[in-house]
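Working notes, beginning with the structure itself.
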Amino acid sequence: MEICVHGLGYIGLATASLFVHNGHKVIGYDTDDRVRRRLERGEPEVTEEELETYVRDALDGELTISSHPEAADYQLICVPTPYDRDAGRADLQYVEAAARNVRPLLRADDVVVLESTVPPGTTATVLSPILAESGLEPGTDIGLGYVPETMLPGNAVTELQSNDRILGGIDADSTAAIEELYGTVPTGDLRVAPDATTAEFVKLVQNAFRDVNIAYANTLALTARDYGVDVREAIRLANNHPRVDILRPGPGVGGHCLPVDPLFFAERSDETQLVDAARRVNDRMPGYVADLVAEALGTLEDKTVAILGVAYKGNVDDTRNSPGLEIARILSDPETAELRVADGGMGATEIRLCDPHVTSPTLELESLADALDGADAAVLTSAHDEFADLDPRRVGSLLGERVMVDPLALMDADSWEQHGFELVGI
Ligand SMILES: NC(=O)c1ccc[n+]([C@@H]2O[C@H](COP(=O)([O-])OP(=O)(O)OC[C@H]3O[C@@H](n4cnc5c(N)ncnc54)[C@H](O)[C@@H]3O)[C@@H](O)[C@H]2O)c1
Ligand SMILES: CC(=O)N[C@@H]1[C@@H](OP(=O)(O)OP(=O)(O)OC[C@H]2O[C@@H](n3ccc(=O)[nH]c3=O)[C@H](O)[C@@H]2O)O[C@H](CO)[C@@H](O)[C@@H]1O
């Protein structure tokens with residue numbers, strides 16, 4: 001089957017490659033010239049090793065990069081859907097633009113599939129009317145539906161090929177046509193939703209579930225502190241119950257899915273208080289960690305803090321909504337520092353950032369040794385494998401003061417304390 005994929009970012013490129021690897025011809029279109037040029041040269045901007053090889057193989061095969069979208073049996077839309085905080089809703093401009101690009105290419109019986117994460121109802125009420133302006137009616141003349149992507153950054157290829165797929169068409173024929181396409185690739189089970197809106201809802205349900213569960217763990221961390229209880233030990237014990245499975249507290253929830261997708265629920269419902277509260281709890285965590293740093297140092301005035309990890313989680317290079325960067329921002333803001341430190345530190349704290357996975361041209365990152373050299377405290381904010389092996393002797397010889405803030409509990413507390421460290425956890 002011929003497929004045209006709109007959007008060749010993290011999801012679109014992986015999806016295009018998945019179909020190529022399973023015998024389809026895929027035309028890949030991205031509005032960004034730079035992205036297209038790199039791909040035409042066979043150089044995807046992908047830092048996950050396995051995914052990079054997977055994409056390169058597809059580019060060597062039947063994945064053709066085009067400067068314009070082309071007619072195809074299936075049009076797959078994998079464009080960004082950011083959250084517009086001022087407007088308080090999803091920004092669907094990229095989905096709408098892709099729909100307008102698809103419109104003139106449509107032929108009877110073609111099928112349009114949206115994979116981007118969207119508020120429930122988007123396929124039926126936003127995408128469908130734009131496509132209908134072609135003169136071909138979705139559900140009657142062409143197929144239309146929604147298939148969310150659920151692969152985990154850091155384990156992309158495995159999950160791309162093994163996760164169950166939810167799919168929902170706007171009518172039974174659309175669903176059947178979408179099932180026919182996704183049935184050709186090795187995934188887990190195909191799970192048919194009653195309609196596209198349910199499939200959209202389920203994607204949000206999964207991410208909000210995780211966000212709420214992490215918020216619960218973070219709430220427990222804050223509460224346990226008031227009772228002098230070790231929260232990780234408490235969660236470990238609680239999780240022995242057959243129906244309890246609490247996640248891990250940490251310095252905050254980053255990435256561009258978990259901090260954003262739950263907000264899409266609120267678009268057409270006033271009943272999202274629990275999900276909204278979870279967002280607030282998780283958003284509070286970087287500030288809480290910054291407070292712990294200030295508390296451990298007594299003052300932030302003239303202090304130097306090394307933030308180890310600006311990626312939003314371990315072993316990835318994505319810095320979107322990164323807790324580490326947010327902690328750095330809070331600590332380096334003199335006004336915030338003044339508010340946060342009992343004896344009123346006024347000078348901006350010097351922040352040194354280090355991350356072995358991030359190669360961002362816009363961030364000044366230092367080597368581990370430079371970041372730690374003479375610093376008053378280190379804060380471990382991404383669970384990179386490289387940090388798990390940190391040697392307290394080496395870190396102690398570099399740091400000015402032996403203060404290690406470890407909100408992810410990566411370090412063995414006993415061993416670091418034996419080396420004279422004040423190890424601050426949550
Ligand atoms: N990254 C993830 O882990 C993940 C997982 C599941 C779902 N999603 C969802 O998938 C969607 C895409 O996310 P992503 O991470 O791939 O984004 P991305 O920013 O990595 O890539 C999106 C690409 O789409 C291109 N684009 C924008 N408008 C276009 C248009 N009209 N036509 C063609 N190309 C266009 C952009 O230039 C960009 O290269 C989002 O809705 C996201 O929420 C992401
Ligand atoms: C339901 C689900 O699983 N969805 C996944 C999610 O991918 P993700 O990479 O965003 O998810 P996480 O790995 O959970 O990380 C998020 C943040 O939460 C922090 N965290 C995590 C666990 C914990 O116990 N305590 C924490 O504090 C962690 O450090 C990081 O900052 O969304 C993608 C896009 O929709 C999906 O495709 C993908 O399936």
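Whatever order the structure lists ligands and atoms in, that order sets their numbers, starting from 1.
A side chain to side chain contact (heavy atoms under 4.5 Å, CB included) with Val379 is found for one member of Asp406, Ile351, Val305, Val424 and no other, namely Val305. Just one residue in the list Val126, Thr122, Leu127, Val79 forms a side chain to side chain contact (heavy atoms under 4.5 Å, CB included) with Glu96, and that residue is Val126.
Proximity of Cys257 to ligand 1, defined as any heavy-atom pair under 4.0 Å, is confined to the side chain (atoms from C-beta onward). Residue contacts with ligand 1, taken as heavy atom pairs separated by less than 4.0 Å, involve Pro153 solely via side-chain atoms from C-beta onward.
With salt bridges taken as basic N to acidic carboxylate O contacts below 4.0 Å, one links Asp283 and Arg279. Between Glu267 and Arg89, no side-chain nitrogen of the basic residue sits less than 4.0 Å from a carboxylate oxygen of the acidic one, so the salt-bridge criterion is not met. The pair Arg225-Glu295 counts as a salt bridge, with a side-chain nitrogen and a carboxylate oxygen less than 4.0 angstrom apart.
Checked by atom type, the side-chain pair Thr184/His24 shows a donor-acceptor distance below 3.5 Å.
Between Tyr10 and ligand 1, at least one pair of N/O atoms sits closer than 3.5 Å. Checked by distance only, ligand 1 and His256 come closer than 3.5 Å through their nitrogen or oxygen atoms. In terms of polar-atom proximity, Arg248 is counted as a contact of ligand 2, with an N or O under 3.5 Å from an N or O of the ligand. Between Glu159 and ligand 2, no N or O atom pair is found at a separation short of 3.5 Å.
Of the options Leu39, Ile11, Val5, Ile77, the smallest heavy-atom separation from atom 44 (C) of ligand 1 is shown by Ile11.
The distance from ligand 1 to the heavy atoms of Asp32 drops below 4.0 Å at these ligand atoms: 37 (O).
Protein heavy atom at the shortest distance from atom 5 (C) of ligand 2 is Leu152 CD1, 3.8 Å.
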